[in-house]
Amino acid sequence: MRKSSIVVMVCAAAFMLTAGNQALFAQRGGRTADTVVVRIASPLPRESAWGRTLDRIAAEWSKITGGQVRLNVLHGGTEGGETQMYRSLTSNTIQAAIFTTFGMSEIYPPLLTISAPFLIRNQDEFNVVMDEIESDIETRFNAGNYFIVAWSRAGFVNIFSREPVFTPDDLKGRRIASNAEAAEMNVVFTRMGFSIVEADYVDVGPMLATGQVVAVYQNPAAVAAFQLHNHLRNMLSVNIAPVFGGIVINQVTWRRIGELNPNFQQQLVNRTRQIAAELDQSMQKTVSDAISVMVRDGLTVNRPSAAQEQLWFDEIELVNPTLLGTTYDSQLYQRIAEILARHRAGR
């Protein structure tokens, strides 16, 4: 199962950062004669930035619709992790949820391709790619039983380690902590020759303290918030992969909102995306600030030479042919590669 092992940690730290059954939806939807109630689940605390943002979105939805659409936010993981949220969404126990790369790819598997390691290498490239493919992705995603209300671009994952890491060979043979639920990512690293130790992230700190693992790949904001840099004094500056998320609602509920007023849907999308974009901007600063704090605490950011950096890209190129068509969608991967080639060439 794909879950939010990476991105929920990002969100919880930084913010502290398949079809459904249509008949069942029709029977159990949250609607009175002139009101639609939307229960939206979030794995993040209410007092987090995402929690406050969701409360703000709920207030805006009520304002825009004159109280006809009520967004009830279930904060703090009360509906469980992403796999459980997905089950609750398909059974209409909830009508919407905050999903990450892994949760959204549970609904539309090609989405995982966007987070292929070392494909998209920085925030500028991430923005260029998403700006070009987002509309097409939404069309395909929204053709099913779910609708993307808004996206969130949550930054990148980096490697943190006890000893300095500059090249893939520096990391091989070292035990790297990873959540078992990030199955596809673990496959990639295993095929690159790395030693993956599957563990819940709540156990990573103790495992680092006892030497059971000596490295982790994670977003810098999460590493700082969970104080993992007390054991991992080195960060590789090369970005591994982008992480993203989104607000997803089931189509039955979304159509009911449209039935209340044909203008409501677009108005809610526009306002929600505006608020989400503001949060994305603040999150980029949060990550930058987290790195600065860790550097003051003794973290070393290791910046490989151009030749050393290229070794990472060469290494993944040996693995990718075995993943295309299975872990990654071949057509989407090729499209992203073409977008990046044009961008890197200045076209």
Side-chain angles (χ1 to χ4, degrees), residues 6 9-10 114-129 153-178 182 185-197 204 208 213-224 228-243 284-323 328 333 336-337 339-341 343-346:
I6 294 177
M9 286 285 290
V10 173
I114 300 170
S115 289
F118 306 113
L119 177 61
I120 299 172
R121 300 173 185 174
N122 55 55
Q123 190 66 45
D124 185 44
E125 292 187 350
F126 191 21
N127 291 337
V128 167
V129 168
R153 304 174 189 181
F156 282 79
V157 172
N158 295 86
I159 291 171
F160 290 79
S161 57
R162 282 189 182 276
E163 303 298 326
V165 168
F166 290 91
T167 71
D169 284 345
D170 292 337
L171 195 62
K172 290 178 180 178
R174 302 186 184 186
R175 295 178 300 279
I176 308 168
S178 172
M185 191 76 76
N186 294 344
V187 167
V188 175
F189 278 100
T190 299
R191 292 192 183 184
M192 289 178 71
F194 301 136
S195 178
I196 300 298
V197 178
V204 170
L208 288 168
V213 294
V214 295
V216 65
Y217 56 89
Q218 187 51 268
N219 181 275
V223 172
L228 299 182
H229 62 291
N230 289 336
H231 302 287
L232 304 173
R233 292 295 190 176
N234 290 272
M235 169 186 159
L236 178 66
S237 64
V238 180
N239 293 323
I240 296 177
V243 288
Q284 291 177 27
K285 184 177 186 304
T286 297
V287 171
S288 177
D289 290 346
I291 294 173
S292 296
V293 168
M294 290 189 289
V295 168
R296 287 199 297 269
D297 287 346
L299 178 75
T300 297
V301 178
N302 298 307
R303 305 185 186 280
S305 67
Q308 290 173 322
E309 187 175 37
Q310 187 61 43
L311 292 174
W312 292 96
F313 308 145
D314 293 343
E315 191 86 15
I316 197 64
E317 285 302 317
L318 298 176
V319 175
N320 279 338
T322 69
L323 301 173
Y328 304 130
Y333 190 98
I336 292 173
I339 294 170
L340 292 171
H343 177 68
R344 291 167 187 167

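Only heavy atoms go into these numbers, but all of them, side chains included; no hydrogens, no water, no symmetry mates. Bear in mind that the values here come from a model prediction, so they are computed numbers and not experimental data.
Going from atom CG of Leu232 over to atom CD1 of Ile159 covers 11.5 Å, rounded to the nearest 0.5 Å. Between Ser115 atom OG and Phe126 atom CZ the span is 6.5 Å, to the nearest 0.5 Å. To the nearest 0.5 Å, the span separating CD1 on Ile120 from CD1 on Ile339 amounts to 8.5 Å. Rounded to the nearest 0.5 angstrom, Glu163 CD and Leu171 CG are separated by 12.0 Å. Here the CD1-CG distance, from Ile336 to Leu119, works out to 5.5 Å after rounding to the nearest 0.5 Å.
A search for side-chain contact (heavy atoms from CB on, under 4.5 Å) contacts involving Thr322 returns Arg191, Val319, not counting sequence neighbours. Scored by the side-chain contact (heavy atoms from CB on, under 4.5 Å) test, Leu318 finds no partners at all (sequence neighbours excluded). For the ring-ring contact (aromatic ring centres under 6.0 Å, His included) test, residues two or more places apart in sequence or in another chain that qualify with Phe194 are Phe189. Not counting sequence neighbours, the partners of Phe118 by the ring-ring contact (aromatic ring centres under 6.0 Å, His included) test are Trp312.
Using a 4.5 Å cut-off on side-chain heavy atoms (C-beta onward), Arg162 and Arg174 make no contact. Looking at Val223 and Met235, their side chains never come closer than 4.5 Å, going by heavy atoms from C-beta outward. Contact check for Arg153 versus Asn127: side-chain heavy atoms found under the 4.5 Å cut-off. Annotation: side chain of Asn320 is in contact with side chain of Tyr333 (closest heavy-atom distance under 4.5 Å).
Between Ser178 and Ile196, the shortest heavy-atom contact is CB-CG2, 3.8 Å. The shortest non-hydrogen separation linking Ile291 to Pro220 is CG1-CB, 3.7 Å. Between Ile316 and Pro117, the shortest heavy-atom distance links the atoms CG1-O, 3.6 Å. The shortest heavy-atom contact between Val243 and Phe156 is CG2-N, 4.3 Å. Between Ala221 and Thr286 the shortest heavy-atom distance is CB-CG2, 4.4 Å.
With hydrogens and angles left out, the side-chain atoms of Asn239 and Asn158 include a donor and acceptor closer than 3.5 Å.
Applying the salt bridge (Lys or Arg N to Asp or Glu O under 4.0 Å) test to pairs two or more places apart or on separate chains, those with a residue in residues 164-173 are Asp169-Lys172, Lys172-Glu315.
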Can you give me every donor-acceptor pair (side chain of residues 292-307, partner residue at least two apart or in another chain, under 3.5 Å) with its distance?
| residue | atom | partner | partner atom | Å |
| --- | --- | --- | --- | --- |
| Ser292 | OG | Ser288 | O | 3.2 |
| Asp297 | OD2 | His229 | NE2 | 3.3 |
| Asn302 | ND2 | Asn234 | OD1 | 3.0 |
| Ser305 | OG | Gln308 | N | 3.1 |
| Ser305 | OG | Gln308 | OE1 | 3.4 |

